[in-house]
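For the numbers below, each heavy atom of this structure counts, side chains included, while hydrogens, waters and symmetry mates do not. Quick caveat: nothing in here was measured; it's all calculated off a predicted structure. Throughout, a chain's letter reflects where its sequence line sits, starting with A, and its residues are numbered from 1.
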Number of protein chains: 2
Amino acid sequence: MINFELYKVFYLTAQLGSLSKAAKALYITQPSVSHAIKQLEEGFGLELFSRTSKGVVLTKEGQVLHSYVEQAFNFLSLAEDKMAELKNLEGGELRIGGSDSLCKHYLLPYLEVFHAQHPNVKIHLVHGTTPEIVSYLKEGKIDLGVVRMPVNDIQLEVREGILIQDCFVAGSKYRELSGQVLSLEKLLDYPIILFSRNSHSRYAITGLFRDHGLVLAPEFELGSVDLLIEFAKTGLGISYVTKQFVRKELEEESLFEIKLDVPIPQSRVGIITLKNMPLTSAASAFIDRIPLD
Amino acid sequence: MINFELYKVFYLTAQLGSLSKAAKALYITQPSVSHAIKQLEEGFGLELFSRTSKGVVLTKEGQVLHSYVEQAFNFLSLAEDKMAELKNLEGGELRIGGSDSLCKHYLLPYLEVFHAQHPNVKIHLVHGTTPEIVSYLKEGKIDLGVVRMPVNDIQLEVREGILIQDCFVAGSKYRELSGQVLSLEKLLDYPIILFSRNSHSRYAITGLFRDHGLVLAPEFELGSVDLLIEFAKTGLGISYVTKQFVRKELEEESLFEIKLDVPIPQSRVGIITLKNMPLTSAASAFIDRIPLD
DNA sequence: ACCCGCTATAGAAGGTGTCTATATGATTAA
DNA sequence: TTAATCATATAGACACCTTCTATAGCGGGT
């Protein structure tokens, strides 16, 4: 197979109709171009150009070759443009998997900033439980996942993000609990609202109760963190939510935190990617914006 | 612009999913392939492959690049096939201009043989007077011309072909002239049939008469050699034709030659091409089959 | 007839692609 | 766990080949 590099010289020579001009365009000398063309001609056993005193003109065979090489050249030029786009985040896509409520409350602000800076990068966001997110990653459906730690999977690369603290919150209906410090046992006298899906946070809190010989049986199981917040506000019960994600409600005092006499373990956000799998430049740029531990 | 040769390595590596296999396919060593890929990656500032223990897999960016490079590669492969076809005369075309009757009586046999041997070469045959043929040649409409000599044109490359001899022929109606040797003057007593168009042969014969103080005024002017032959056969007059082209008629005695007491100058067939303009391989192969002087 | 611009050629030098040898890492089998 | 195998990465040396400089040759235009 002929040295592809020669086609570049051939193409430019044909376009410019002159070895000298092609040489200038390629930042090489005219004899080099002459030599390159000769190599092509000898390779094919055909003359590609007829030389005149004012440049060169394609022969019939040269025209045939040129028609093909032109296409190839265009594709390769396009390719180089496209790669530059990808590198400069003027294209491509970012596919993120977020477990539970992290998508909305944790990721969204970063996504907004990223999108504002790189509007041409298409963003795909998928929800799922932690194991689902891990599966998506392994199947190549997403570039990175945002889940609660811990995640133990030898195939995964884990970057530790911020610490988050879950807590129980209630609305004004339970205002009398506002100043108090409750025991776990006492808390069970009130209707408890939990996230319905199997999540790390739910495992963690039921585990905590079990450790104290108690059973946490929720009055409501809700499918979204937004609903947990709404139900608590309405006074339907006491919701177990991530403190950072109800910061606004706590500040405006539509919700207040219920203090317990035992500490609720913190958990950590983890950014997971596939080990040994290079990140797209979009993914890697995005991760760089997320404050890690 | 990136060295096109690297794309060849990239493409094969992507296709084969392995640096080692690509190396084998390219008859180079694995480190060379590794190096080439690295150059591409550094050139783009992007990772193109993710390396695993059993080969390499395209990254997202690599896939994008591959989709373009694949097209380009296909075009270049096609180009190389096509050029091989052209070289081996399994394609392309042969465009010939023939003046006057040379097309049919002189060229046809050679064209038949050539076409039999290279059936995939398309043959275009155009008629015209010598100046027309020369024009076609200069305009690039034909690859070569077959005309009567002499042709004097600095831009033309002339190959001298066979000698041909014009003569006067008549049919049985003038049988009494068969054994005789006529003078030019005597010949004018009979109806003369000439080719109508301005041709070398007509100039030559009118010139010969003029040199003897005579004026050759034809009874008929016909547009094709076939008609000249037919008219003579029918007895409508005495036709001035090329002896070699009525060989059959002379042999079967449907025509006979009228001897003159002055020699009619011979003329020569010339194969003309454009100087400084490379021949297509079809044209050059064809010329090689024509017996030259 | 001269000059100018273009291409061809020759020979030299530098660069770069390729090589060998070896390291490193991952998977598989024992 | 260790050994073996197969993949890619790395380093350094060498050779080829691209590119260079210098010059010749050719044709056209002034």
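Nucleotide C:dT18 holds its P atom 9 Å from the CG atom of B:Leu26, rounded to whole Å. The separation between B:Lys8 atom NZ and C:dG17 atom C1' is 13 Å, rounded to whole Å. Distance, B:Phe4 CZ to C:dG17 P: 15 Å, rounded to whole Å. C:dC6 atom P lies 16 Å from atom CZ of A:Phe49, rounded to whole Å. Computed from coordinates, the B:Ile28 CD1 to C:dT20 P distance equals 12 Å when rounded to whole Å. Atom CG in A:Leu40 sits about 16 Å away from atom P in C:dT7, given to the nearest Å. Between B:Glu41 atom CD and D:dA9 atom P the separation is 8 Å, expressed in whole Å.
The ring of B:Phe75 has its center no closer than 6.0 angstrom to the ring center of A:Phe73.
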Could you list the protein-to-nucleotides 23-30 of chain C atom pairs, N/O on both sides, closer than 3.5 Å?
unit_1	atom_1	unit_2	atom_2	d
C:dA26	O3'	B:Ser53	OG	3.4

Find every protein N or O atom lying less than 3.5 Å from an N or O atom of nucleotides 8-14 of chain C, and list the pairs.
unit_1	atom_1	unit_2	atom_2	d
C:dA8	OP1	A:Arg51	NE	2.3
C:dA8	OP1	A:Arg51	NH2	3.4
C:dA8	OP2	A:Ser34	OG	2.9
C:dA8	N7	A:Gln30	NE2	3.1
C:dA8	N6	A:Gln30	OE1	3.3
C:dT9	OP2	A:Lys38	NZ	2.1

For B:Glu160 and B:Arg268, what are the C-alpha separation, side-chain angles and deciding distance, and is it a salt bridge (Lys or Arg N to Asp or Glu O under 4.0 Å)? CA-CA 7 Å; B:Glu160 300 196 339; B:Arg268 192 178 283 282; 3.5 Å; yes
Begin from the C-alpha positions of B:Tyr110 and B:Val113 and carry the test side-chain contact (heavy atoms from CB on, under 4.5 Å) through to its verdict. CA-CA 5 Å; B:Tyr110 301 123; B:Val113 173; 5.8 Å; no
Assess the residue pair B:Lys138 and B:Asp153 against the criterion (salt bridge (Lys or Arg N to Asp or Glu O under 4.0 Å)); give the C-alpha distance rounded to whole Å, side-chain angles, the decisive distance to 0.1 Å, and a yes or no. CA-CA 11 Å; B:Lys138 291 183 180 172; B:Asp153 192 313; 2.6 Å; yes
Would A:His124 and A:Glu93 count as a side chain to side chain donor-acceptor pair (under 3.5 Å) if you check the C-alpha gap in whole Å, the side-chain angles of each, and the deciding distance to 0.1 Å? CA-CA 7 Å; A:His124 301 254; A:Glu93 52 184 29; 3.2 Å; yes
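Between B:Thr29 and the phosphate of C:dT20, there is no side-chain N or O to OP1/OP2 separation shorter than 4.0 Å. In this model, the phosphate group of D:dT18 is not approached by any side-chain N or O of A:Ser32 to a distance below 4.0 Å at OP1 or OP2. OP1 or OP2 of C:dG17 lies within a sub-4.0 Å distance of a side-chain N or O belonging to B:Asn3.
Using a 4.0 Å cut-off between charged nitrogen and carboxylate oxygen, B:Lys82 and B:Glu85 count as a salt-bridge pair.
A cation-pi contact links A:Lys8 to B:Phe4, judged by a cut-off of 6.0 Å to the six-membered ring centre and 45° from its axis.
Two residues are said to be in side-chain contact when any heavy atoms from C-beta on lie closer than 4.5 Å; A:Ile96 and A:Leu111 meet this criterion.
The environment of NZ in A:Lys122 is sparse: at most 12 heavy-atom neighbours from other residues, nucleotides or ligands sit within 6.0 Å.
Residue-level contact check: A:Tyr27 touches the backbone only, with heavy atoms under 4.0 Å from sugar-phosphate atoms and none from bases. A:Gln39 comes within 4.0 angstrom of sugar-phosphate atoms only, judged by non-hydrogen atoms across all strands, and of no base.
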